[in-house]
Amino acid sequence: MALIPILLYPDPRLHKVAKPVQAVDARIHRLIDDMLETMYDANGIGLAASQVDVHERLVVIDISQERDQPLVLINPEIVWASEEMHLNEEGCLSVPGIYDGVERASAIKASALDRSGQRRTIEADGVLAVCIQHEMDHLLGKVFVQYLSPLKRNRIKTKMLKLAREESR
């Protein structure tokens, strides 16, 4: 397993739309393992392949306290979302240190292939529902800051660009 660099906002590659995974094979298993290691190392609860510059429809999530219940979603689709919405404070490994409120469906039902290539349906609410919706946005080329006002988005962009300049010195 290996750590993979995470793309940082406002990198334009974060806005690429991911293509479906064609085969759940050894390459995808290696990518899953590397993404989980990267997510755990960065203290995240979710990571989309788009965030590591692999533009395929693959998401890994682990919201457990023990960090031992990984959820793998290959070619995920939301098949149902509640009408009830909830404002949640979100952060993102591609926008480190930034947290803000995003309104999302309170509960969802998602369909995806698991690590072994079997189709499964996941019913989620709370943090898991938020995380699935957040990571699936990445697959559509959307970063959570796009839900914020243009003023907030520009402040975040400026802050992230300044951080990148400081780190490259």
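Start at 1 with the first residue, then count along the sequence. For clarity, every value in this text was computed on a predicted model and none was experimentally measured.
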> Which heavy atom of Gly91 sits nearest a heavy atom of Tyr99, and at what distance?
Replying inline: CA-CD2, 3.5 Å
>> So which atom in Leu58 and which in Met35 form the shortest heavy-atom distance, rounded to 0.1 Å?
In response: CD2-SD, 3.7 Å
> Under 4.5 Å between side-chain heavy atoms, hopping through other hydrophobics if needed: is there a path connecting Tyr40 to Val52?
Replying inline: yes
> Quick one: hydrophobic cluster around Tyr147, which other residues, with the 4.5 Å side-chain cut-off, linked directly or via members?
Replying inline: Leu7, Leu8, Tyr9, Leu14, Val95, Ile98, Val102, Val143, Phe144, Val145, Leu148, Ile156, Met160
> Are Leu128 and Val59 connected, step by step, through hydrophobic side chains (Ile, Leu, Val, Met, Phe, Trp, Tyr) whose heavy atoms are closer than 4.5 Å?
Replying inline: yes
>> Walk me through whether Val24 and Ile74 qualify under side chain to side chain contact (heavy atoms under 4.5 Å, CB included).
In response: CA-CA 8 Å; Val24 181; Ile74 301 168; 3.9 Å; yes
>> So Gln51 and Leu93, do their side chains get closer than 4.5 Å, heavy atoms only?
In response: yes
>> Let's go through Ser50 and Lys16 carefully: what are the C-alpha distance in whole Å and the side-chain angles of both, what is the deciding distance for side chain to side chain contact (heavy atoms under 4.5 Å, CB included) to 0.1 Å, and is it a yes or a no?
In response: CA-CA 8 Å; Ser50 300; Lys16 278 180 146 178; over 6 Å; no
> Could Arg115 and Asp33 be called an ion pair, given the rule that one side-chain N must be under 4.0 Å from one carboxylate O?
Replying inline: yes
> Going only through I, L, V, M, F, W and Y residues with side-chain contacts under 4.5 Å, is there a path from Leu71 to Met136?
Replying inline: yes
> So which heavy atom on Ala2 is nearest to which on Glu37, and how close?
Replying inline: N-OE1, 3.2 Å
> Leu31 pairs by side chain to side chain contact (heavy atoms under 4.5 Å, CB included) with which of Val21, Leu36, Ile4, Val60?
Replying inline: Ile4
> Atom CD in Gln22, atom CZ in Arg57: separation rounded to 0.5 Å?
Replying inline: 12.0 Å
Under 3.5 Å, side-chain donor or acceptor atoms of residues 77-86 against the rest of the protein: list the pairs with distances, not counting sequence neighbours.
residue	atom	partner	partner atom	Å
Ser82	OG	Glu84	O	2.9
Ser82	OG	Ser106	N	3.2
Ser82	OG	Ala107	N	3.1
Ser82	OG	Ala107	O	3.4
His86	ND1	Asn88	OD1	2.8

> With hydrophobic residues grouped by side-chain heavy-atom distances under 4.5 Å, do Val72 and Val130 end up in a single group?
Replying inline: no
> Are any non-hydrogen side-chain atoms of Glu135 and Ile45 less than 4.5 angstrom apart?
Replying inline: no
> Would you say the side-chain atoms of Glu123 pair up with the backbone N or O of Ile108, donor to acceptor, closer than 3.5 Å?
Replying inline: no
>> Determine whether Asp137 and Arg104 satisfy the following criterion, salt bridge (Lys or Arg N to Asp or Glu O under 4.0 Å), listing intermediate values before the conclusion.
In response: CA-CA 11 Å; Asp137 272 355; Arg104 298 200 186 267; 2.9 Å; yes
>> Quick check for you: to the nearest 0.5 Å, what is the distance between Leu47 atom CG and Asp41 atom CG?
In response: 11.5 Å
> Can you name the closest pair of heavy atoms from Ala23 and Ile28 and give their distance?
Replying inline: O-CG1, 3.3 Å
> Between the side chains of Arg120 and Ser111, is a donor N or O closer than 3.5 angstrom to an acceptor N or O?
Replying inline: no
>> Using the rule given for side chain to side chain contact (heavy atoms under 4.5 Å, CB included), can you reason through His55 versus Arg13, listing the C-alpha separation, both sets of side-chain angles and the distance that settles it, and then say yes or no?
In response: CA-CA 9 Å; His55 302 282; Arg13 294 172 290 180; 4.3 Å; yes
> Between Leu139 and Glu56, which heavy-atom pair has the shortest distance, and what is it?
Replying inline: CD2-O, 3.7 Å
> Mind checking whether His15 and Gln146 have side chains closer than 4.5 Å, heavy atoms only?
Replying inline: yes
> Within the side chain of Gln118, is there an N or O that forms a donor-acceptor pair under 3.5 Å with the backbone of Asp114?
Replying inline: no
>> Please find the pair of heavy atoms, one from Ala48 and one from His138, that lie closest to each other, and give the distance.
In response: CB-CB, 3.5 Å
> Is there a donor-acceptor pair under 3.5 Å between the side chain of Gln69 and the backbone N or O of Ser64?
Replying inline: no
>> Enumerate the side-chain hydrogen bond (donor to acceptor under 3.5 Å, both in side chains) contacts for residues 151-169, please, sequence neighbours excluded, ordered by first and then second residue.
In response: Asp100-Lys152
